[in-house]
Amino acid sequence: MATVGVQGVRPPSLTSTSDPPPLFDGTTRLYINYSCPYAQRAWIARDYKGLQDKIKLVPIDLQNRPAWYKEKVYPENKVPSLEHNGKVYGESLDLIKYIDANFEGTSLVPSDPAKKEFGEQLISHVDTFTRDLYTSLKGDPVKEASPSFEYLENALGKFDDGPFFLGQFSLVDIAYIPFVERFQIVFAEVFKHDITEGRPKLAAWLEELNKIDAYKQTRVDPQEVVDLFKKRFLPQQ
């Protein structure tokens, strides 16, 4: 159910010296960056629906990005973007909904109206959630981020027919996990704090997510997360 096949070797990231693929030749391409949490959302959706053979993964080096990407593919010059049927689509939350609606595979939106409504509420809150977490890093992170993690704990208690936000795995889990993943690493490694302490539903959610191949194969290197955090927030070190 979770994914088709096994994780292969990740294709190398394209740089400023890389030639473009044969653009708009009918191939569907998902442009990502291996470290980008926004791109990770679309990557998870693609793999969970078993679309590895339908949507080609094209990694971009954001530190040394090819000029043709902005000029010929996506003028916003960000990832993720999806080249599909002669058009290019962007914005990660829009993209995961687009992938779910326009490709085959297990639906990532529940049919239950109550779950669908709650899911839309949660997705509409995710940008506020991530902004609050990043803001917490500038003050007392453990204390200031606590309400954000409590929000997740409470939301995970809404439905009791599964460990995920809407019971079963959905777009909501995909929207949140890339950021929770990174903050769990930073809080553990830098602040010596376990974000799941006293939050059993959050702990169970993370445990179940880590059983899903489509998510596991997209995870970022923890050391890379810590190094990036220190570079951005602890420049004196």
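Only heavy atoms go into these numbers, but all of them, side chains included; no hydrogens, no water, no symmetry mates.
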Taking C-beta and beyond as the side chain, do Glu104 and Leu51 meet within less than 4.5 Å on heavy atoms? yes
Any side-chain donor near an acceptor of the partner, Thr218 and Arg46, under 3.5 Å: no
What closest approach, in Å, do Lys78 and Tyr69 show between heavy atoms, and which atom pair accounts for it? O-OH, 2.6 Å
As a test of understanding, state which of Leu82, Leu108, Leu171, Asp94 forms a side chain to side chain contact (heavy atoms under 4.5 Å, CB included) with Ile99. Leu82
Does NZ or CZ of Arg10 lie under 6.0 Å from the centre of the six-membered ring of Tyr34, at an angle within 45° of the ring axis? yes
Please give me the minimum heavy-atom distance between Tyr74 and Gly90, naming the atom from each residue. OH-CA, 3.4 Å
What do the steps show when you test Thr27 against Glu83 for side-chain contact (heavy atoms from CB on, under 4.5 Å), and what is the final call? CA-CA 8 Å; Thr27 302; Glu83 176 191 337; 5.5 Å; no
If you group Ile, Leu, Val, Met, Phe, Trp and Tyr by side-chain heavy-atom gaps below 4.5 Å, do Tyr31 and Phe103 land in one group? no
Which heavy atom of Arg29 sits nearest a heavy atom of Pro22, and at what distance? NH2-O, 3.2 Å
So, taking the atom named CD1 in Ile174 and the one named CZ in Phe164, what distance separates them when rounded to the nearest 0.5 Å? 10.5 Å
Parallel, tilted or perpendicular: which one describes the rings of Phe129 and Tyr151, with boundaries at 30° and 60°? tilted
Taking C-beta and beyond as the side chain, do Arg41 and Leu95 meet within less than 4.5 Å on heavy atoms? no
Is there a donor in the side chain of Thr15 and an acceptor in the side chain of Asp61, or the other way round, less than 3.5 Å apart? no
Ring centroid separation for Phe229 and Phe191, is it under 6.0 angstrom? yes
Only pairs under 3.5 Å count here: list side-chain donor-acceptor contacts from residues 177-186, not counting sequence neighbours, and write none if there are none.
| unit_1 | atom_1 | unit_2 | atom_2 | d |
| --- | --- | --- | --- | --- |
| Glu181 | OE1 | Gln40 | NE2 | 3.0 |
| Glu181 | OE1 | Tyr215 | OH | 3.0 |
| Glu181 | OE2 | Val220 | N | 2.9 |
| Arg182 | NH1 | Gln40 | OE1 | 2.7 |
| Arg182 | NH1 | Pro178 | O | 2.7 |
| Arg182 | NH2 | Ser35 | O | 3.0 |
| Arg182 | NH2 | Gln40 | OE1 | 3.4 |

Are the side chains of Phe169 and Ile44 in contact, using a 4.5 Å heavy-atom criterion? yes
Residue pair Gly105 / Lys49: nearest heavy atoms and the distance that separates them: O-NZ, 3.3 Å
Determine, step by step, whether Asp100 and Ser107 satisfy the side-chain contact (heavy atoms from CB on, under 4.5 Å) criterion, reporting the C-alpha distance in whole Å, the side-chain angles of both residues, the deciding distance to 0.1 Å, and the verdict. CA-CA 6 Å; Asp100 188 50; Ser107 175; 3.9 Å; yes
From CA spacing to verdict: side chain to side chain donor-acceptor pair (under 3.5 Å), Arg131, Ser136: CA-CA 9 Å; Arg131 185 178 65 245; Ser136 78; over 6 Å; no
Side chain to side chain, Phe233 and Pro141, heavy atoms closer than 4.5 Å: no
Can you tell me how far apart CD1 (Ile60) and OG (Ser18) are? Round to the nearest 0.5 Å. 8.0 Å
OG1 of Thr128 to CG of Asp132: how many Å apart, nearest 0.5 Å? 6.5 Å
With clusters defined by side-chain heavy atoms of hydrophobic residues (ILVMFWY) lying less than 4.5 Å apart, directly or transitively, does Val79 cluster with Leu228? no
When every non-hydrogen atom of His84 is compared with those of Tyr98, the smallest separation belongs to ND1-OH, 2.7 Å
Please round to the nearest 0.5 Å and tell me the distance separating atom CG of Asp127 and atom CG of Leu93. 6.0 Å
Backbone N or O of Glu189 within a donor-acceptor pair of the Lys192 side chain at under 3.5 Å? yes
Whether Tyr176 and Phe165 hold their rings parallel, tilted or perpendicular, with breakpoints at 30° and 60°: tilted
Near Gln223 CD, under 6.0 Å, is it more than 12 heavy atoms from other residues, nucleotides or ligands? yes
When every non-hydrogen atom of Val126 is compared with those of Ala175, the smallest separation belongs to CG2-O, 3.7 Å
More than 12 heavy atoms of other residues, nucleotides or ligands under 6.0 Å from CD of Glu197: is that the case? no
Give a yes or no answer on whether the side chain of Glu117 reaches the backbone of Pro113 with a donor-acceptor pair at less than 3.5 Å. no
So do Pro20 and Pro66 actually touch side chain to side chain, heavy atoms under 4.5 Å? no
Would you say Tyr134 and Phe187 are hydrophobically clustered, going by side-chain heavy atoms of ILVMFWY under 4.5 Å? yes
Check whether any side-chain N or O of Arg199 sits under 3.5 Å from a backbone N or O of Thr196 as a donor-acceptor pair, and report yes or no. no
Rounded to the nearest 0.5 Å, what separation is found between the OG atom of Ser81 and the CG atom of Leu30? 7.5 Å
Can you find a heavy atom in the side chain of Phe149 that is under 4.5 Å from one in the side chain of Leu133? yes
Would you say Asp160 has more than 12 foreign heavy atoms packed within less than 6.0 Å of its CG? no
Could you verify whether a donor N or O on one side chain and an acceptor N or O on the other, from Asn210 and Arg219, lie under 3.5 Å apart? yes
A side-chain contact here means heavy atoms from C-beta on lying under 4.5 Å apart; do Ile32 and Val58 qualify? no
I would like to know whether Glu150 and Ser146 meet side-chain contact (heavy atoms from CB on, under 4.5 Å); could you show each step before the answer? CA-CA 6 Å; Glu150 284 301 315; Ser146 182; 4.2 Å; yes
Verify the cluster assignment for Val190 and Val142: are they in a single hydrophobic cluster under the rule of side-chain heavy atoms below 4.5 Å apart? yes
Interatomic spacing from OH in Tyr48 to CG in Asp173 - rounded to 0.5 Å: 9.0 Å
Does a side-chain N-to-carboxylate-O contact under 4.0 Å join Lys216 and Asp213? yes
Salt-bridge present (Asp161, Lys115; N to O < 4.0 Å): yes
Indicate yes or no for a side-chain donor-acceptor contact from Glu153 to the backbone of Leu202 under 3.5 Å, with no hydrogens or angles considered. yes
